[in-house]
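Keep in mind it's a predicted model, so treat the numbers as computed, not measured.
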Amino acid sequence: MGSNAMLELTRIIQNVVLATSPEDQVQMIVDAISDVIALDVCSLYRQSGNGDMVLIASHGLVAAEKVVIPSDRGLVGRVVRMRRSVNITEPTEHPDFYYVPGSAEEMYHSFCGVPLVYHGDIIGVLVVQSRRPELLKAEQEALLTTLAAHLALLIIALPEPQLPRGPSNERSVGISGAPGLAIGKVHLLDKDGLSTVGESSCDDPAFELEEWQTLKQATLEDLVQERESVQAALGDSLAAVLDAYRMLLEDPYFTTLITQEIEAGKALPWAIRQAVRFFSDQFKAMDDPYLQARHEDIEQLGDKLYQIWRGQHLTDLPSPDEGPLILMGHHVSVSDIVSLPTDQLGGIVCFAGAALSHIAIFANALGIPAVMGVGELKVNDGEQVIVDGDSAKVILKPSRTLLKEFKKILTARQSFDRELLAESANPAITQDGVRVAVMANSGLQSDIMPGIRNGADGVGLYRTEVPFMVRDSLPSEDEQTEVYRHVVSAYGDKPVYFRTLDVGSDKQLPYLPQYEEENPALGMRGMRFTLDNLQLLMHQFRAILRAANGGEQVHLLLPMVSSTQELDTCIELLDEVVEQLHEEGISVCRPKLGVMIEVPAAISLLPFWKEKIDFISVGTNDLSQYLLAVDRNNAKVSKYYDSLHPAVVHELVRIIRTAEQCELPVSICGEMASDPVSVILLLGMGVRKLSMSSAKLPRIKWLIRALSVKDLEKLLQAALCVDSSKAIRELASQALRDAGIEYDK
């Protein structure tokens, strides 16, 4: 591309950045392209959900109705099929030409279309047309192709274009906050939230300052009551989320900002809004995803202050007779959830928000489907919606046919779940008499009872970092001991595997110094982090051993171990803690010690470690991403992440065979442990212990009871002879069908 074209490209992009919305940016680009290349028409098409191409912006093309080109039709469809530019003259004579009535396209004698590609998929087409029968010059086509790459990033942020087929079944896609399916009526929140407050002045600043102190105290009292409610229903770990609101409210600088605004003559609501905006912008500017998500906390606190100031903090809720409610709004707060009876809450939809938000944590704990970050939805109170947390979709105004179909799915799922639950207490024994331990993953007190109710054989993975993450400061040793003791006590004689603190990468502790890392997944995380912060590991070892109270059912699991030196240091520290506690007169038993196999380097070291450890647990999520060199949290490459990639399957076989030779028991605690296709392969490899989320326990136990290990060993041998995950899935799916088992993919 020539220097002039590059200058034009830079100028267009710089101007576009100033636009206030993606829609304006898109229109500015098509206008600018038409001007720079001196062509009569520049149009942008976006692919809809069914593959049709919908015109979303144009300079020069006029049509009486919305322009929709059917899937794979026309020259636009040819660009999609060929996956490259199409540059021709006399387009009306081309066999693929598709005429749009009223568009006057017969006036144009040239056509050049380039695809817009996002993560390997064609999501749109950029088209230029001219009255002159001239092919576009190579430099101009290169400029179009370059601009198309920038346009793809813009239009992916736009809502999926709605086809002119009536108002039914409008779908919005967001981020899955919590899995599950719900049908209910919309209950809109924050319709008049703090963000609607305009700038206003006050006549009496002294009175306004008194009102602020009264409001602050009333809000603190409200938070205390809500914390007690959450603690009683869900445990102290989740109740600690409300401490974040309290600490923000009591932050001296927060009060200072409000006071300064009032002393400058501004009314209290505006002063609160300015203080909230300042703190929110600070969080949004942070690089860490967890800290970015905390901007929701300050905004929710601002809304709470405003509603209490207005005297409207008690939400008017529809009658329980109206069925499940879908809480929906820009943000849904903990206060909104607490104010609603649990049996009336069907689902949660946040226009903003992320998977790391506190509301997503609450939704998972409650077993309520949630979809975050769907964008502003045009919806009214009382309208029926479908929330699909599994695929992160919200369906507005569902047609009767679609509603009937989803109700059938939901009813069948609920009925099947009840049947599974009734059998969940029974052991998971295969048709040929092999018993498999099916255990629960946990990390919050609210996970404990669901695990026990769903028939868990113990806790296979207790994520100790979760109680750390929902707080705003490090929990003390005594506080940790109480949390761990609650878990141990609830499970009685059943084993509990405590994984030591595993932070770093996508799980940061916001109150500790942050590491600036170009690649956090390969940086200070897991064992590396805790060995750099020995005091945290020592306190955690002490808390876990104190909680065990001398019981032999408590085990320790070390994450992300990649060297013998790391393991030896941990063993030395553990022995030191045991000695300390004995000297303090505390009854302790040195727990069995295991390592997570997540780093490929650990696989080759297993024979050297067989005398140092008592068991291993395979974290298939991290192991898969490291084997495949794919960051599963990176949207650009996550499609390449596949735990059933042949290399992963072969490596798992190697791990299990090595562990057998070393006489080390093996458990699986990644997502593979709850995926039916993966489970049958793991059983064929010899795995006899699985750990998963509590909700998945009944279904996996049911699956195991329906299978024969001998058949699965044959399946594994067939899977080891194919070279793609697709082929492996097909073999496993066919094996399930042959056994008469249907499952949700």
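In this structure, L644 CG and T620 OG1 are separated by 9.5 Å, a value rounded to the nearest 0.5 Å. The NE2 atom of H539 sits 10.5 Å away from the CZ atom of R546 when rounded to the nearest 0.5 Å. Rounding to the nearest 0.5 Å places OG1 of T481 at 10.5 Å from CD of Q540. Between the CG atom in L664 and the CD1 atom in I656 there is a gap of 12.5 Å [rounded to 0.5 Å]. The line from OG1 of T658 to CD1 of I597 is 9.5 Å long, rounded to the nearest 0.5 Å. In this structure, CZ on R699 lies 13.5 Å from CD1 on I704, to the nearest 0.5 angstrom.
Between the D675 side chain and the S678 main chain, a donor and an acceptor come within less than 3.5 Å of each other. Between the side chain of S489 and the backbone N or O of H486, no donor-acceptor pair lies under 3.5 Å. In this structure a side-chain-to-backbone donor-acceptor pair under 3.5 Å is present from R688 to L683. Checking side-chain atoms of D614 against main-chain N and O of L593 turns up a donor-acceptor pair under 3.5 Å. At least one donor-acceptor pair closer than 3.5 Å links the side chain of K494 to the backbone N or O of A456. A donor-acceptor pair under 3.5 Å is formed between the side chain of Y641 and the backbone N or O of N621. A side-chain donor-acceptor contact under 3.5 Å links K701 to the backbone of N426. Formation of a donor-acceptor pair under 3.5 Å by the Q553 side chain with backbone atoms of D493 is not found in this model.
Heavy-atom minimum distance, L558 versus C570: CD1-CB, 3.7 Å. Scanning both residues, P559 and M596, for their nearest heavy atoms gives CA-CG, 3.7 Å. Shortest non-hydrogen contact noted between L545 and C589 is CG-O, 4.4 Å. For the pair L605 and S563, the tightest heavy-atom approach, listed with the atom from each and the gap, is CD1-CA, 4.0 Å. Of all heavy-atom pairs spanning L627 and P600, the tightest one is CD2-CG, 3.9 Å. A pairwise comparison of heavy atoms in P607 and C662 identifies CA-SG, 3.7 Å as the closest pair.
At a threshold of 4.5 Å between non-hydrogen side-chain atoms, the residues Q480 and I544 do not count as touching. V488 places none of its side-chain heavy atoms less than 4.5 Å from the side chain of Y462. Inter-residue side-chain proximity for K592 and F615 is flagged as met; some heavy-atom pair is nearer than 4.5 Å. Residues R485 and E482 form a side-chain contact, since some pair of their non-hydrogen atoms from C-beta on lies under 4.5 Å apart. Side chains of V648 and D642 form no contact here, defined as non-hydrogen atoms less than 4.5 Å apart.
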Inset, instruction - Evaluate side-chain contact (heavy atoms from CB on, under 4.5 Å) for Y626 paired with M560, printing each intermediate quantity in order. - result: CA-CA 11 Å; Y626 291 133; M560 298 293 295; 3.4 Å; yes

Inset, instruction - Carefully, step by step, assess K689 and V666 under the rule side-chain contact (heavy atoms from CB on, under 4.5 Å). - result: CA-CA 7 Å; K689 186 178 293 183; V666 181; over 6 Å; no

Inset, instruction - Carefully, step by step, assess L501 and L537 under the rule side-chain contact (heavy atoms from CB on, under 4.5 Å). - result: CA-CA 7 Å; L501 196 61; L537 191 58; over 6 Å; no

Inset, instruction - Would you sort out whether E713 and K710 count as a salt bridge (charged side-chain N to carboxylate O under 4.0 Å, His left out), showing the intermediate values? - result: CA-CA 5 Å; E713 289 172 346; K710 289 182 180 179; over 6 Å; no

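The ring-ring contact (aromatic ring centres under 6.0 Å, His included) check on F541 picks up nothing, with sequence neighbours excluded. Not counting sequence neighbours, S587 has no partner by the side-chain hydrogen bond (donor to acceptor under 3.5 Å, both in side chains) test.
At a threshold of 4.0 Å, the pair R499-E465 counts as salt-bridged, since one of the basic side-chain nitrogens sits closer than that to a carboxylate oxygen. Under a 4.0 Å N-O distance rule, the pair E660/R657 qualifies as a salt bridge.
Checked by atom type, the side-chain pair S424/N454 shows no donor-acceptor distance below 3.5 Å. In this structure, a donor-acceptor pair under 3.5 Å is present between the side chains of S604 and R654. Neither side chain, E671 nor S643, offers a donor N or O lying under 3.5 Å from an acceptor on the other. Of the N and O atoms on the side chains of D738 and Q734, at least one donor lies less than 3.5 Å from an acceptor on the other residue. No side-chain donor from either of Q414 and D417 sits under 3.5 Å from a side-chain acceptor of the other. Between the side chains of D478 and S476, no donor N or O sits under 3.5 Å from an acceptor N or O.
Within 6.0 Å of CD in E663 there are 12 or fewer heavy atoms belonging to other residues, nucleotides or ligands. Counting non-hydrogen atoms of other residues, nucleotides and ligands closer than 6.0 Å to CZ of F416 gives a total above 12. Surrounding CD of Q535 are more than 12 heavy atoms belonging to other residues, nucleotides or ligands, all under 6.0 Å away.
Using bins of under 30°, 30° to 60° and over 60° for the plane-to-plane angle, the ring pair H555/Y497 lands in the tilted bin.
Of the options I668, I655, L652, a side-chain contact (heavy atoms from CB on, under 4.5 Å) to V687 is made by I668 and by none of the others.
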